[in-house]
Amino acid sequence: QVQLVESGGGSVQTGGSLTLSCVASGSLDRNLYMGWFRQTPGNEREGVIVIQMRTGLTYFADSAKGRFTAIRNEVKGTLELVMSRLKPEDTAMYYCAADTTVKEYGSRWLAPSEYNYWGQGTQVTVST
């Protein structure tokens with residue numbers, strides 16, 4: 001069992017920055033994956049960034065490339081999502097997710113169905 005707690009959401013203006021944090025606790029496996037997903041009303045939840053905690057190998061969604069990055073601390077079980085040059089289309093509820101099933105590297109890392117553990121979400125609003 002893994003518990004996830006997110007923090008750092010808020011409201012920023014276009015072009016601003018935010019850093020979200022996720023803390024994992026419980027039965028943390030050496031094959032732990034952690035990631036950030038987001039969802040807007042009426043849309044499917046989509047993966048943003050997922051990282052293999054042991055190695056640091058990261059898979060980025062196209063929307064995140066060049067603007068977002070993830071910073072992990074394997075020992076502490078934490079994952080930060082560092083977001084820069086934010087746009088209104090980044091407005092969403094952001095969720096931290098985790099899983100311990102070994103995954104082949106690829107876009108499947110961004111599929112919400114791959115993750116068994118979820119945080120409660122933190123809202124990010126980017127205003128014009």
Side-chain angles (χ1 to χ4, degrees):
Q1 192 77 273
V2 177
Q3 295 81 45
L4 303 171
V5 179
E6 305 117 319
S7 62
S11 298
V12 297
Q13 293 183 322
T14 298
S17 300
L18 272 179
T19 298
L20 308 182
S21 296
C22 178
V23 180
S25 61
S27 301
L28 305 184
D29 194 271
R30 64 186 297 268
N31 293 319
L32 181 69
Y33 298 78
M34 293 181 66
W36 285 97
F37 296 73
R38 67 187 185 185
Q39 188 171 24
T40 55
N43 295 311
E44 296 290 316
R45 190 169 299 184
E46 62 179 14
V48 180
I49 292 178
V50 176
I51 189 166
Q52 187 179 59
M53 295 295 283
R54 179 175 59 84
T55 66
L57 184 64
T58 305
Y59 197 94
F60 297 83
D62 288 342
S63 61
K65 294 177 181 177
R67 297 190 300 124
F68 297 177
T69 193
I71 302 174
R72 85 194 200 283
N73 187 311
E74 185 186 7
V75 175
K76 294 182 178 180
T78 62
L79 179 66
E80 293 185 309
L81 177 64
V82 182
M83 303 184 290
S84 300
R85 301 189 299 281
L86 284 160
K87 305 173 181 178
E89 50 262 47
D90 295 317
T91 295
M93 184 72 74
Y94 283 72
Y95 297 90
C96 183
D99 198 73
T100 58
T101 303
V102 174
K103 309 178 195 303
E104 185 174 318
Y105 186 74
S107 62
R108 191 65 180 172
W109 281 28
L110 300 179
S113 62
E114 289 290 308
Y115 299 86
N116 287 318
Y117 307 103
W118 293 88
Q120 79 287 346
T122 184
Q123 179 68 37
V124 172
T125 301
V126 184
S127 61
T128 58

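You'll find the ring centres of Y115 and Y33 outside the 6.0 Å limit. Between F37 and W118, the distance from one ring center to the other falls under 6.0 angstrom.
Side chain to side chain, T40 and R45 fail the donor-acceptor criterion of an N or O pair below 3.5 Å. There is a side-chain donor-acceptor pair under 3.5 Å between E6 and Q120.
Counting all heavy atoms, side chain and backbone alike, M53 lies closest to T78 at CE-O, 3.5 Å. Across R54 and R30, no two heavy atoms sit closer than the pair CB-O, 3.5 Å. The minimum heavy-atom distance between V12 and S17, with the atom names listed, is CG1-O, 3.8 Å. Of all non-hydrogen atoms in P88 and T128, the two that sit nearest each other are CG-CG2, 3.4 Å.
Under a 4.0 Å N-O distance rule, the pair D90/K87 does not qualify as a salt bridge. In summary, R108 and E114 engage in a salt bridge, as defined by a charged side-chain N under 4.0 Å from a carboxylate O.
At least one side-chain heavy atom of Q3 sits under 4.5 Å from a side-chain heavy atom of Q1. Considering only heavy atoms from C-beta on, V82 stays 4.5 Å or farther from F68 through its side chain. Counting heavy atoms from C-beta on, the side chains of L32 and M34 come closer than 4.5 Å. A heavy-atom distance below 4.5 Å is not found between the side chains of R85 and T14. Side-chain contact between T101 and N31 is absent, with no heavy-atom pair separated by less than 4.5 Å. Side chains of T122 and L20 form a contact here, defined as non-hydrogen atoms less than 4.5 Å apart. Between R38 and S63 there is a side-chain heavy-atom pair separated by less than 4.5 Å.
Using a 4.5 Å cut-off between side-chain heavy atoms of Ile, Leu, Val, Met, Phe, Trp and Tyr, with links allowed through other members, Y117 and L79 fall into the same hydrophobic cluster. Grouping the Ile, Leu, Val, Met, Phe, Trp and Tyr side chains by contacts below 4.5 angstrom, directly or via other members, places V2 apart from V50. By the rule that hydrophobic residues join a cluster once side-chain heavy atoms approach within less than 4.5 Å of another member, V102 and L57 end up as members of one cluster.
Separation of atoms CD (E80) and OG (S7) is listed at 9.0 Å; rounding is to 0.5 Å. Put simply, CE on M83 and CD1 on I49 are 9.5 Å apart, with the number rounded to the nearest 0.5 Å. The OG1 atom of T19 sits 7.5 Å away from atom CD1 of I71, with the distance rounded to the nearest 0.5 Å. Interatomic distance, CZ of F60 versus CG of L110, reported as 10.5 Å (0.5 Å rounding). With rounding to the nearest 0.5 angstrom, the CD atom of Q13 is 5.0 Å from the OG atom of S127.
Under the side-chain contact (heavy atoms from CB on, under 4.5 Å) test applied with V124, the options L18, T91, L81 reduce to a single match, L18.
In this structure, K103 forms no cation-pi arrangement with Y59, as its terminal cationic atom is not both closer than 6.0 Å to the ring centre and no more than 45° off the ring axis.
Although no hydrogens or angles enter the test, the distance criterion places a donor-acceptor pair under 3.5 Å between the side chain of W109 and the main chain of E104.
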